[in-house]
Protein chains: 10
Amino acid sequence: MRNKNIAGLTHLGSGDTSYIFQYDPTLLECFDNKHPEHDYFVQFKCPEFTSLCPMTGQPDFATIIVNYIPDKKLVESKSLKLYLFSFRNHGDFHEDVVNIIMKDFIALIDPKYIEVVGEFTPRGGISIHPFANYAQTGTKWENFRDQRLLSYGNK
Amino acid sequence: MRNKNIAGLTHLGSGDTSYIFQYDPTLLECFDNKHPEHDYFVQFKCPEFTSLCPMTGQPDFATIIVNYIPDKKLVESKSLKLYLFSFRNHGDFHEDVVNIIMKDFIALIDPKYIEVVGEFTPRGGISIHPFANYAQTGTKWENFRDQRLLSYGNK
Amino acid sequence: MRNKNIAGLTHLGSGDTSYIFQYDPTLLECFDNKHPEHDYFVQFKCPEFTSLCPMTGQPDFATIIVNYIPDKKLVESKSLKLYLFSFRNHGDFHEDVVNIIMKDFIALIDPKYIEVVGEFTPRGGISIHPFANYAQTGTKWENFRDQRLLSYGNK
Amino acid sequence: MRNKNIAGLTHLGSGDTSYIFQYDPTLLECFDNKHPEHDYFVQFKCPEFTSLCPMTGQPDFATIIVNYIPDKKLVESKSLKLYLFSFRNHGDFHEDVVNIIMKDFIALIDPKYIEVVGEFTPRGGISIHPFANYAQTGTKWENFRDQRLLSYGNK
Amino acid sequence: MRNKNIAGLTHLGSGDTSYIFQYDPTLLECFDNKHPEHDYFVQFKCPEFTSLCPMTGQPDFATIIVNYIPDKKLVESKSLKLYLFSFRNHGDFHEDVVNIIMKDFIALIDPKYIEVVGEFTPRGGISIHPFANYAQTGTKWENFRDQRLLSYGNK
Amino acid sequence: MRNKNIAGLTHLGSGDTSYIFQYDPTLLECFDNKHPEHDYFVQFKCPEFTSLCPMTGQPDFATIIVNYIPDKKLVESKSLKLYLFSFRNHGDFHEDVVNIIMKDFIALIDPKYIEVVGEFTPRGGISIHPFANYAQTGTKWENFRDQRLLSYGNK
Amino acid sequence: MRNKNIAGLTHLGSGDTSYIFQYDPTLLECFDNKHPEHDYFVQFKCPEFTSLCPMTGQPDFATIIVNYIPDKKLVESKSLKLYLFSFRNHGDFHEDVVNIIMKDFIALIDPKYIEVVGEFTPRGGISIHPFANYAQTGTKWENFRDQRLLSYGNK
Amino acid sequence: MRNKNIAGLTHLGSGDTSYIFQYDPTLLECFDNKHPEHDYFVQFKCPEFTSLCPMTGQPDFATIIVNYIPDKKLVESKSLKLYLFSFRNHGDFHEDVVNIIMKDFIALIDPKYIEVVGEFTPRGGISIHPFANYAQTGTKWENFRDQRLLSYGNK
Amino acid sequence: MRNKNIAGLTHLGSGDTSYIFQYDPTLLECFDNKHPEHDYFVQFKCPEFTSLCPMTGQPDFATIIVNYIPDKKLVESKSLKLYLFSFRNHGDFHEDVVNIIMKDFIALIDPKYIEVVGEFTPRGGISIHPFANYAQTGTKWENFRDQRLLSYGNK
Amino acid sequence: MRNKNIAGLTHLGSGDTSYIFQYDPTLLECFDNKHPEHDYFVQFKCPEFTSLCPMTGQPDFATIIVNYIPDKKLVESKSLKLYLFSFRNHGDFHEDVVNIIMKDFIALIDPKYIEVVGEFTPRGGISIHPFANYAQTGTKWENFRDQRLLSYGNK
Ligand SMILES: [Ca+2]
Ligand SMILES: [Ca+2]
Ligand SMILES: [Ca+2]
Ligand SMILES: [Ca+2]
Ligand SMILES: [Ca+2]
Ligand SMILES: [Ca+2]
Ligand SMILES: [Ca+2]
Ligand SMILES: [Ca+2]
Ligand SMILES: [Ca+2]
Ligand SMILES: [Ca+2]
Ligand SMILES: [Ca+2]
Ligand SMILES: [Ca+2]
Ligand SMILES: [Ca+2]
Ligand SMILES: [Ca+2]
Ligand SMILES: [Ca+2]
Ligand SMILES: [Ca+2]
């Protein structure tokens with residue numbers, strides 16, 4: 001309850017918090033896929049993403065969307081939240097943020113297929129939306145990956 | 001009429017109601033498909049789904065969407081309502097809820113094709129939308145299933 | 001003008017009107033296709049459809065959408081209005097309504113391709129949207145039909 | 001369940017149902033207001049209203065909205081549904097429908113204040129939206145009524 | 001993390017959770033208003049409200065909106081979440097739910113002004129939206145209350 | 001039916017039709033107000049209005065909205081349609097169109113209050129929306145008129 | 001300027017204008033395609049289309065959408081405006097309007113591919129949306145045409 | 001026609017055009033108000049406004065909305081377009097642009113009442129929307145002005 | 001240009017940036033009001049606000065809206081951006097954030113009137129939107145303040 | 001800060017600014033692609049594009065959308081902004097603008113695939129949306145290009 005921990009306010013104001021606001025891929029965790037007999041998609045929508053511009057140091061904002069088809073593991077959603085927190089005071093280009101998130105998912109759970117989109121808010125009247133995807137090599141999912149890339153943003 | 005059964009209020013307040021709020025797949029019922037000469041889709045949209053988080057016990061909310069192509073049987077819509085009620089005080093991960101509903105449809109009516117989506121409301125700023133699908137093995141519908149998975153959420 | 005025919009109000013209030021509110025497929029009429037050299041789609045959107053629930057007798061409401069590619073004949077739109085009126089006091093399941101409308105179009109004009117969707121309003125928090133389609137047998141349109149079914153509702 | 005009462009389909013198709021589709025104000029019922037110490041609004045939104053045009057006999061469609069401040073009684077919502085069903089095969093001008101519904105509410109529960117809007121779908125490219133309201137005479141609610149009329153549709 | 005507490009799933013499935021799903025007004029808590037020098041509004045939007053119908057025992061769904069001007073105390077938002085959870089297996093009419101929530105706020109924090117709206121999802125094609133409000137007696141806020149009631153839903 | 005009157009197509013193509021496409025205020029007709037005991041609004045929305053630009057002769061398009069409170073007479077909606085048709089090949093400035101429609105309503109039915117808005121589509125990237133209103137002189141409606149003008153377009 | 005040419009108002013009111021409001025395909029003009037090395041689409045959206053119903057003589061309204069891939073020529077947009085004006089007092093069925101516009105484009109510029117959609121506003125609660133397309137015979141664009149027809153309106 | 005004046009392209013590319021892209025209030029013109037017997041609003045919506053930032057020289061974009069009640073004169077819409085063009089290569093703060101436009105209207109036509117809003121697109125994630133208004137001094141419109149300021153942006 | 005300063009990426013990754021992410025009211029700056037003869041509103045919309053929850057240390061997100069009527073000074077928009085950046089790693093309750101921002105504006109420019117809204121994204125399914133306002137004491141703006149509070153959020 | 005550089009206002013008003021408002025392709029710059037191991041899309045959305053009509057010299061407005069798959073280089077977003085500024089006082093047909101932007105991207109970074117859309121605002125009630133695309137010759141991307149063209153605008 002808020003009225004019971006009021007001292008916490010000053011504490012946190014001093015920067016003394018256990019959340020990590022510098023990029024840390026070890027925050028991402030996983031658990032077992034209990035439904036391996038069917039291929040299925042899991043979609044994460046994360047409209048509260050923020051990082052810093054590597055050129056100016058100013059905050060950037062985006063909605064990050066991850067769609068993946070699990071193999072043996074799924075990404076745990078609370079750990080995903082903490083992992084995305086870790087970009088808060090970290091600087092990277094938009095194109096890099098999207099590729100980095102995708103690679104961290106691959107390293108942790110090696111999904112059959114994954115795609116990551118970053119819908120960044122405009123700067124100077126222009127917005128950038130990178131889209132990256134991946135499939136396990138030597139599998140039918142490589143054709144799946146090519147088809148998804150082909151269809152991106154073609155409304 | 002409400003003014004005639006007012007005693008019912010206290011009754012129900014005591015928890016004495018005939019609806020089942022613990023997961024019960026036997027609630028789902030079916031009837032015969034009268035149009036077997038054409039393959040067709042039936043779509044159910046269920047925006048009032050609620051279950052409990054298996055980790056915290058807190059309520060979760062979702063829109064469940066089921067699209068299927070019937071074989072010999074169709075799912076009866078009032079029984080679907082009662083079946084979805086049975087998740088009310090039941091706990092499962094989002095990915096499991098979607099797979100469980102799909103498997104219960106398969107067990108009851110073995111459709112030519114079925115897909116289930118769960119659009120869960122956000123927690124901690126992140127929302128999860130699992131999508132699972134299935135087709136009768138050894139039929140042309142297996143290719144149909146693969147194509148639907150390929151197209152999911154690729155607006 | 002309304003002020004000139006005011007007696008009509010009582011008349012109609014007595015149920016004495018020439019419109020038919022019981023299902024009557026003979027109301028649907030057609031005329032010649034003047035553009036047979038190009039295959040083209042005609043779409044009808046009918047947001048004012050109402051029929052009765054066959055189980056409870058209560059009114060149901062839907063938007064009916066018909067997309068078809070004519071062969072030698074087109075459906076006349078005013079006769080379609082009268083035909084849809086004829087479901088007003090008629091009872092059928094949602095899945096049946098959609099299949100019946102499709103079959104009546106086929107019987108009248110045998111289109112190269114046709115599809116019918118019924119977007120029914122929710123009952124008990126669940127809405128049902130059946131989608132049926134058809135193609136002339138032994139033609140290339142059968143593949144067209146399969147592809148349209150594959151793509152339905154996969155946004 | 002649908003599969004248990006399948007004979008009902010034919011039955012109802014014969015027009016043999018207990019619902020009333022000719023205007024009947026006795027269908028509207030009420031119950032006691034348990035919160036008389038606070039004035040409060042109750043809003044009903046009824047998007048599935050249909051009646052007949054008194055001039056042509058053709059179906060009309062509307063969303064009926066009722067906002068009222070109860071005095072001693074409230075209108076029971078299921079009886080409201082049945083009451084609105086009774087306009088189904090009944091003919092009246094749009095302006096009359098709205099005034100008639102308002103007067104039936106007044107006769108049954110004499111609310112402190114009530115307003116009724118009918119948002120009818122277009123005919124010949126023109127739509128009509130009548131708005132009527134009422135307040136108990138000799139009370140402060142008469143000024144309330146005048147203010148609400150003044151504010152209608154002034155977006 | 002989900003993968004560390006997997007036994008919890010069965011546990012909760014057995015109904016053994018610490019959340020209260022029967023109406024309990026003691027769950028609502030408060031803390032001090034630190035800005036008494038300015039009158040200000042606090043708005044809570046709660047789109048995940050669910051309770052049971054007192055007549056049928058079936059689930060109801062609503063968005064509950066609370067707008068209030070604090071006096072000495074504010075309602076703590078996490079306790080509000082727990083308090084609203086307590087309606088989950090509880091039965092009450094829509095008009096009662098809104099008045100009960102308002103009265104519990106008044107009992108706890110006696111705000112200068114408060115209003116509560118319940119936007120319930122439709123049943124039988126009709127939705128009900130009750131709106132109740134209150135002001136401290138003998139203050140200028142009573143006129144404020146009357147003006148807010150006058151303006152409700154008059155788009 | 002279209003297939004029975006196919007000769008009509010050429011006929012009309014020759015311009016031989018009974019509709020009037022030059023401004024004619026005599027087309028507007030009225031009927032008696034059966035509910036004089038309550039003041040109420042009638043709103044007409046007419047999204048299919050077209051006239052000609054008096055400077056260039058090019059077509060203009062608008063949605064015309066009329067809100068009025070009847071006194072002894074109401075405007076008949078089919079005659080309104082025919083009256084608005086009569087602007088089709090007629091030229092007037094946007095500000096004039098709105099004032100002319102208002103004055104024709106006043107001349108025919110002298111309503112207690114009336115307002116007319118014309119939402120014209122843009123030309124050269126600029127759209128014009130005139131709003132005119134009127135009240136019977138020497139009545140309380142003059143204050144009503146002033147208040148409505150004050151509130152126009154102030155979202 | 002409007003204040004300088006005020007006499008024009010009366011002039012035009014007399015019907016003496018140089019715009020053509022009877023169907024005239026010679027109004028459509030073209031110019032050279034300067035980018036023949038890339039196949040590209042040009043889309044025209046024309047929300048202000050109006051013609052007359054050939055059965056009743058009443059005005060119809062539509063949005064006309066033309067998508068085409070030019071070969072040696074492009075359609076000039078101001079001439080398209082004048083060409084569409086020429087349907088103003090002309091009568092044709094919705095299905096004919098769409099096919100006629102397509103054929104006039106083909107006659108003038110023989111594009112590699114073209115499609116025309118007419119989104120007509122509802123009459124009697126039903127709206128009609130015809131879609132026609134074409135490709136140069138003996139080219140790869142014929143397959144393109146078949147694929148576009150297959151995908152139409154299948155959201 | 002484009003194909004007839006193709007040399008014009010190079011000409012204009014050289015900057016030799018008769019439009020004025022430096023602020024010039026003399027471009028605004030007016031004509032007589034033919035309806036002085038009714039006070040009425042005229043609204044201009046101008047979504048294509050662009051000027052330059054006076055600090056950085058970079059382009060700014062806005063929708064300019066002008067609402068005014070004419071006295072003896074109205075602003076001519078084509079001259080308004082040319083007047084707004086004249087801000088194209090001109091630099092001013094957002095707050096100044098809105099006040100300058102208002103003052104130029106006052107100087108030209110001295111309306112009974114006028115208000116100007118500038119909805120500028122965001123820079124650095126922040127957008128600015130100034131709103132200025134005016135009334136003839138010593139008239140009832142001064143109270144009108146105060147009420148409009150009071151209501152601005154209070155949705 | 002990004003390709004010229006690529007070393008900056010690592011630099012910023014180390015936290016060495018000149019932006020201030022701890023609350024600092026001295027960042028807010030002002031400039032002179034050049035239009036004191038008219039009272040006018042300035043609205044700032046800031047959809048990219050983020051701070052930390054004082055209880056949990058987790059990020060919060062909001063749109064901050066400031067509406068004010070300047071007296072002698074205006075707030076400079078780039079300094080407002082920097083000032084809002086300073087909440088990035090700072091913890092405060094939603095109700096406090098809104099009151100603090102308002103007080104910092106008052107301290108710097110003492111506007112005739114000001115209001116601040118914070119539309120915070122949901123946590124646990126509940127969102128909080130505080131609204132605070134202020135007027136110079138002893139002026140007519142105090143009534144203005146009361147009226148704006150009365151109208152808040154009353155759609 | 002605005003209050004520190006106030007002299008700049010007059011300076012810029014004199015047209016003395018360093019931004020280039022005549023078409024200049026050398027403004028576009030690039031940097032290295034750090035993720036060549038995955039093909040990915042980058043999307044730019046530019047809703048603030050303006051150029052001049054080559055026939056009339058009047059301003060045109062559009063949203064320019066660029067989607068490309070980089071090979072060795074990416075386009076730098078701030079340089080894109082400056083490059084698009086350079087169309088401000090430049091005249092070209094809509095179809096040319098889109099092809100020119102595409103060719104300038106190809107000349108600078110030779111992407112594997114690129115497409116450019118220009119959504120121009122309406123003139124005379126008609127809007128034009130050109131879409132051009134390209135792929136490296138002799139690669140699999142040529143088929144990708146053909147498929148994207150096939151899917152354009154076919155919602
Ligand atoms: Ca996007
Ligand atoms: Ca979310
Ligand atoms: Ca989704
Ligand atoms: Ca659907
Ligand atoms: Ca209609
Ligand atoms: Ca309305
Ligand atoms: Ca319902
Ligand atoms: Ca409501
Ligand atoms: Ca407009
Ligand atoms: Ca308007
Ligand atoms: Ca359509
Ligand atoms: Ca921006
Ligand atoms: Ca605004
Ligand atoms: Ca949440
Ligand atoms: Ca809000
Ligand atoms: Ca367009």
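These numbers come from the heavy atoms of this one structure, side chains and all, not from hydrogens, waters or symmetry mates. In what follows, chains are A, B, ... by sequence order, proteins preceding strands, each numbered from 1.
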Contact summary for B/Gly125 and A/Pro47, nearest pair of heavy atoms: O-CD, 3.1 Å

Plane angle bin for A/His38 and B/Tyr134 - parallel if under 30°, tilted between 30 and 60°, otherwise perpendicular: perpendicular

Chi angles and distances behind the side chain to side chain contact (heavy atoms under 4.5 Å, CB included) call for A/Tyr40, B/Val98: CA-CA 10 Å; A/Tyr40 60 98; B/Val98 163; over 6 Å; no

Residues A/Glu76, B/Met55; criterion side chain to side chain contact (heavy atoms under 4.5 Å, CB included); working and verdict: CA-CA 12 Å; A/Glu76 201 278 329; B/Met55 301 315 297; 5.9 Å; no

Polar side chain donor-acceptor pair, B/His129 to A/Asn67, under 3.5 angstrom: no

Sub-4.5 Å side-chain heavy-atom contact between A/His35 and B/Met102: no

Set of side-chain hydrogen bond (donor to acceptor under 3.5 Å, both in side chains) partners for A/Asp146, sequence neighbours left out: none

Atom of A/Arg148, atom of B/Tyr152 and distance for their closest heavy-atom approach: NH1-O, 2.7 Å

Spacing of B/Glu119 atom CD and A/Gln43 atom CD [to the nearest 0.5 Å]: 8.0 Å

Residue pair A/Lys34 / B/Asp96: nearest heavy atoms and the distance that separates them: NZ-OD2, 3.0 Å

Distance-minimising heavy-atom pair for B/Leu149 and A/Phe144: O-CZ, 3.7 Å

Interatomic distance, B/Leu150 atom CG to A/Asn143 atom CG [nearest 0.5 angstrom]: 7.5 Å

Contact class of A/Ile69 relative to chain B, heavy atoms under 4.5 angstrom: side chain

Interatomic spacing from CG in B/Asn133 to CZ in A/Phe41 - rounded to 0.5 Å: 10.0 Å

Proximity breakdown for A/Asp39 and chain B, heavy-atom pairs closer than 4.5 Å: both

Nearest non-hydrogen partners of B/Ile128 and A/Ser77, listed with the distance: CD1-CB, 3.6 Å

